[in-house]
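Encoded as structure tokens, the structure appears first; notes follow it.
Because only heavy atoms are used, hydrogens play no part in the values below, and waters and symmetry mates are left out as well, while side chains stay in.
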Amino acid sequence: MTALIACVVKELRLLGRDVHGLALLFILPLVFILVMSLALQDVYAARGGRAIDVLVIDRDGSDAARALTQRLADNGAFRISQTTPLPSDARLKERLRAGEFSFAVDVSKTYGATVLTPPQPGAPPLLTVIVAPDASKQTEAIFLGVLREAVGRQRLDLLLQRVGAGGGDQAAGKAQIVTTYAFARETPPTAVQQNVPAWLVFAIFFVAIPFSNTFVRERELGAHRRLRTTNVSPVTQFFGKLIPYFAINQLQVALMLAVGVFLVPLLGGEALQIRGAPEALVLLSATVSLAALGLALLIAVAARTTEQATLLSGLGNIVLAAIGGIMVPKFVMPAAMQDVAAWSPMAWGLDGFLDLLLRDGDTAAIASELLKLGGFGAVALVAAWLIYRVRD
Amino acid sequence: MTTATPIVRVSNVRHRYRGAESDALSGVSLAVEAGCCFGLLGPNGAGKSTLLGLLTGAISLQDGEIEIMGANVRSDLSAVRAASAIAPQDLAFYPALTGRENLEFFAGVQNVSGALRKARVAEASAACQLDDVLDRHAETYSGGLKRRLNLAIALVGAPKILYLDEPTVGIDARSRALIVETIAALKRSGVTIMYISHYMEEVEALCDAVAVIDRGSVIALERTQALVQRGAERRLRVTLAAPIADAAALAGAAWLDPTHFDVLLDVDTALDAWLAKVRAAGGHVARLDYGASKLETIYLGLLERGGDA
């Protein structure tokens, strides 16, 4: 036990003096989390089905104008705001440019009186739609279609009322449409829900760089050869290295989650909600660390120089992150790439975290990820041990 | 060399590295007396470091037997390692740690803890005169201080047998003297030392016995004093005033350069005969050295003649 403690203390001291290694483990993923969570929050929000903001400027105030506004609100795809007093043109443009609304609908003063009247040449339009600069053409077309459908239905209802057939069941007039999904539909993550666990998993695996470097440097220094002449076993030496880095990994998890919960909202992003079973989170964090440390040790024993160690661990991590849904979320990948992603241990870790943070999962929900990560870590550790013994 | 109480016994050891065409060590046998300083001499690549590797268990023994304090290297490596320590030729510590942290770590991995560890660190530091720099990072040490730390680390386990692989290489004369002094003190305290060095004056001053290894074989194994005496009795070095035209006329002379040659004399009376031969060959003797020798000369002679001193 004394030997193990000595190894752990030595490793912590070496790591504590490796400023670059610490920056790599803590600062780099933190920056990625902040930048990605804040920069991409609108992209993720739109994909997640966030309602489109619409400003209705009701200059009429008639029952018909109010009914139209209600129809739009009932659609569910739009979040309707109304404004009084009526804004100036300049103020309206400013609010649209600022991204407060995607569309403004100007309802004319004569809307209620003329909604059933066929359009007359030179008469003011019933409705004027002002489009925000960042609204996509696709969204604009959908919104105009919905708006035309709302006015059309309102006209139909008014006509039916006029001939004494109105006031019936509103739903009766709607076509019955049943929606089914080709695949199980999942709630897409928000920017913070995607990026915090993604870069957290990346950071955990990034320990391979300082880990393999200190391992190889020890060998180059001759300290390793001196240790081989003492009674400290290779297993003790391995655990003397793995334990501090395991602790570092757990510190990374706590810090990155805290950044998502506390720091991201302070900077204008959405706060990370930590849901799911806490014991499952601890178990997942430990298992991701096991997989990462197995890989790190494998690289460390396979590399002969620090240059090789840096290249193998750096490049390996970037490739695993690229295919594992860390840099590009899996849900935007084509099916073939998603199949490739299924082979990345980073993807298993990320899927596990998303199950917990996004879907309120528990240990059973992440069992397959735990098994895959644990298996990968165990195989990597055994392979590292075998290579070490052969080379020894 | 046979000793009464060998603490290290090496019997017919052979070792060949994977892929090598010849043995690194071939039939090496020697014994080291407890409490003595034993010099291991030989040119680079002779097999000295391989032998140290086998003695410390860093290299697995292929053929032959090695016993350290009665413990077999194959069957009781743990006891072998507990009894010994090495100060390797390459500096083997962590530059980013302080001298104290290095000593504490290497004491810790030998399961030395608590008050004993503190005492051992203090002793090793005092023995190698590192007290003033102990809390500085080792990477800031001078070459001499690094060598002293390398030696101090070998001492924290309080070994009975100490293997020193060129402990004074590449450092200034003052640091060398300090390390040699430390080694002499260790020897006086009863530590058995196996000492590899290319500095023959150090070996001559420190070592009670030496083994000369060349191309994997022991070509001489003797008490240092006896070796020096033996070489001194038989070697005549002749310095000529000028090169002679017919050098071949001096059969049996080992020419060092055109004006210097060595000759081994069977008996002292042969001296007159050699002087006559030089004169007959037209040479003029400028200087004669006979009856006094240095280990370095004997060592070089041994290597030249493959052990026939």
Per-residue contacts, residues 151-159 of chain B versus chain A, heavy atoms under 4.5 Å: B:Ile153, B:Ala154
Which portion of B:Leu97 sits near chain A, non-hydrogen atoms under 4.5 angstrom: both
Is it the case that atom OH in B:Tyr199 sees more than 12 heavy atoms from other parts of the structure closer than 6.0 Å? yes
B:Val80, part contacting chain A, at a heavy-atom distance under 4.5 Å: neither
Heavy-atom count check: over 12 atoms from other residues, nucleotides or ligands less than 6.0 Å from B:Arg9 CZ? no
Inter-chain donor/acceptor N,O pairs below 3.5 Å: chain B to chain A:
from: B:Ala58; atom 1: O; to: A:Arg228; atom 2: NH2; distance (Å): 2.6
from: B:Ser78; atom 1: O; to: A:Asn231; atom 2: ND2; distance (Å): 2.8
from: B:Arg81; atom 1: NE; to: A:Arg228; atom 2: O; distance (Å): 3.3
from: B:Arg81; atom 1: NH2; to: A:Arg228; atom 2: O; distance (Å): 2.8
from: B:Ile86; atom 1: O; to: A:Arg226; atom 2: NH1; distance (Å): 3.0
from: B:Ala92; atom 1: O; to: A:Arg226; atom 2: NE; distance (Å): 2.9
from: B:Ala92; atom 1: O; to: A:Arg226; atom 2: NH2; distance (Å): 3.4
from: B:Tyr94; atom 1: OH; to: A:Glu218; atom 2: OE2; distance (Å): 2.3
from: B:Ala96; atom 1: O; to: A:Arg17; atom 2: NH1; distance (Å): 2.9
from: B:Glu101; atom 1: OE1; to: A:Arg17; atom 2: NH1; distance (Å): 2.6
from: B:Glu101; atom 1: OE1; to: A:Arg17; atom 2: NH2; distance (Å): 3.2
from: B:Glu101; atom 1: OE2; to: A:Arg17; atom 2: NH2; distance (Å): 2.8
from: B:Asn111; atom 1: OD1; to: A:Ala3; atom 2: N; distance (Å): 3.3
from: B:Asn150; atom 1: O; to: A:Arg226; atom 2: NH2; distance (Å): 3.0
from: B:Asn150; atom 1: OD1; to: A:Arg226; atom 2: NH2; distance (Å): 2.5

Residue selection (most heavy-atom pairs with chain B, distance under 4.5 Å) from A:Gly240, A:Gly222, A:Ala223: A:Ala223
Need one label for B:Phe93: side chain, backbone, both or neither, based on atoms under 4.5 Å from any heavy atom in chain A. backbone
